[in-house]
Amino acid sequence: MASTTEGPGPGAAAAGALMVVGTASGAGKSTLTSALCRAFARRGVDVAPFKAQNMSNHGAVTPDDGEIGRAQAMQALAAGVETDRRMGPVLLKPSGARSSHLVVLGEEVGVADAVGYGERAARLRPLVLGALQGLRSEHEVVVLEGAGGAAEINLLDRDLVNLPLAAAAGIPAVLVVDIERGGAFAAAYGTWALLPERLRACLRGFVVNSFRGEVSLLEPGLRDLERRTGVPVLGVLPHLGDHLMLGVEDSLDLSTTLPSPAPADTPTGRPVRVRVVRLPHLANPSDLDPLVLEPDVDVRWATGPADVGDADLVVLPGSRATVADLRWLRTRGLDRAIAALVDDPDGPQVLGLCAGYQMLGVSVADELESGVGTVAGLGLLPVATTFEAPKVVRRVRGTLTDRSGAGAGAEVRGYEIRWGRTRPVVTGGLSSGVPWCEVDEGEGDVRPEGCLRDDGRVRGTSVHGLFDSDTLRHTMMADIAAARGRAFAPSPVPWADALDHHLDHLADWVGASLDIPALLALARTATPVGREPGW
């Protein structure tokens, strides 16, 4: 990441801050925040991300084994800093239509009801402000991401993450609006008009996102918006086109079909076909990002039996509701379809990740998350899962076992976020298995992890992020290709470099349309730490 020094260095007394809010979910807040973090960092600025309250089932693990939202981990990577619990002090992980598991400063503390959360949110305000103050005191600039729409007037009295926080902390904000959806001017003006004056005063600029076409055609509308509101339009960002977004968190960003090339467009024309079951409570889809970037791997979502019929590898991904999603598999007939594929000697391989691994076992005993007790699994691996406290949240590293076949000895790096403890069982009529990985526990101790069936066709692990390892990913895809008569030419670009290129592309994107020095100057108008107006 190239950099040129500009402005005061780390630890500057007047720590800056800038908030990015949106007219709606999916307007581009996360993307713009990541892009600004990288753009500022490339100018030598010590920058850190922050999102006071997030609602997502897509998590990441900090170095001290705390849990934060996946988007904040991506933004930290963009900024060139390590993840920190304070970057996402409140995380809501939806577990139903009206309830969410509540994670505070990296630790899960209970279940929050949608109706009753308002009082709890008010009690969390000092904690949120303290986390923000801590980051601001240690970094030159903090870029804050809002959530949902900035003018949800039914929620303003309990809003921890948008303009009430900006007002309390004395931080300027920019409002991003997605013009591709239509109604952009109404959305921008309506957001401004609905806000009470004290929050409206925080808005210091509009950013128009995802525009296709000639910008000059927008000029009359942009000038009229400025005239009506007194708020300047800071720039118009072009649509990113076919650029693949990595590490997405919002369900609105998960397309119905993963954006892989058509088989005819792949280097060999016979790519490895990976079909990922799109569970209703899908968690951590970023596990699949490295596969999507492989030019000779065709990755697509599967929601019914017909979608897995041509698979070379079927993936059961993570889930926030293992038992509910296992029931969904059965109602869709995917349980029978996957079992039939495994019974076919010439059928595909099957991989379960975290909850997907739990589903592949003999049983799942859950008195903790769903409260339904013990239910039968798919019976494809000789393991059983019991949900137990405390929750496991940790980073892990190790290797594939010597008995794991292809890729034996390959490095394993990733993280675990789970209640379930999955253990081997002995059961008649089911093929035996061996641990797939060995995790380093420190001081020379190793822990067997995961399970590989003795026929090599079915495997599972509790570890997220395995495919980030280039060696493991390439070896596994090559092995599947050989077994299935496909072809696989590995990407010449390491995954870490691909991520870095992605973030540089976003920084170039904003740098071409927004005045980055002006945005830095705006961030430095934030009220100094310790002098904030308060809630």
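The residues of the chain are indexed from 1 along the displayed sequence. Every value quoted in this text rests on a predicted model; they were computed, and no experiment measured them.
Residues Gly170 and Pro533 come closest through the heavy atom pair N-CD, 3.8 Å.
Judged by distance alone, the side chain of Asp287 and the main-chain N or O of His464 form no donor-acceptor pair under 3.5 Å. Side-chain atoms of Asp515 come within 3.5 Å of backbone atoms of Ala518 as a donor-acceptor pair (strictly under, hydrogens ignored). A donor-acceptor pair under 3.5 Å is absent between the side-chain atoms of Arg278 and the main chain of Ala302, judged by distance alone.
Under a cut-off of 6.0 angstrom, the local environment of CZ in Arg227 is crowded, with over 12 non-hydrogen atoms contributed by other residues, nucleotides or ligands.
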Practice item. Might you work through the side chain to side chain contact (heavy atoms under 4.5 Å, CB included) test for Leu156 and Glu152, ending with a clear yes or no? Key: CA-CA 6 Å; Leu156 283 181; Glu152 307 289 354; 5.9 Å; no
Review point. Could you go step by step and tell me if Leu132 and Val142 meet the side chain to side chain contact (heavy atoms under 4.5 Å, CB included) rule?
Key: CA-CA 8 Å; Leu132 175 58; Val142 173; 4.1 Å; yes
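Here the CG-CZ distance, from Leu472 to Arg413, works out to 13.0 Å after rounding to the nearest 0.5 Å.
Because its NZ or CZ atom is both nearer than 6.0 Å to the ring centre of Trp192 and within 45° of the ring axis, Arg200 counts as a cation-pi partner of that residue.
Of the listed residues (Met19, Met87, Lys29), just one forms a side-chain contact (heavy atoms from CB on, under 4.5 Å) with Leu144, and that residue is Met19.
Judged purely by distance below 3.5 Å, without hydrogens or angles, the side chains of Asn162 and Asp159 pair a donor atom with an acceptor atom. With no hydrogens or angles considered, no side-chain donor-acceptor pair links Arg320 and His281 at under 3.5 Å. Side chain to side chain, Tyr189 and Asp224 fail the donor-acceptor criterion of an N or O pair below 3.5 Å. In summary, the side chains of Asn284 and Ser286 do not present any donor paired with an acceptor at a separation below 3.5 Å, with no hydrogens or angles considered. Side chains of Thr399 and Glu411: a donor-acceptor N/O pair is absent below 3.5 angstrom, by distance only.
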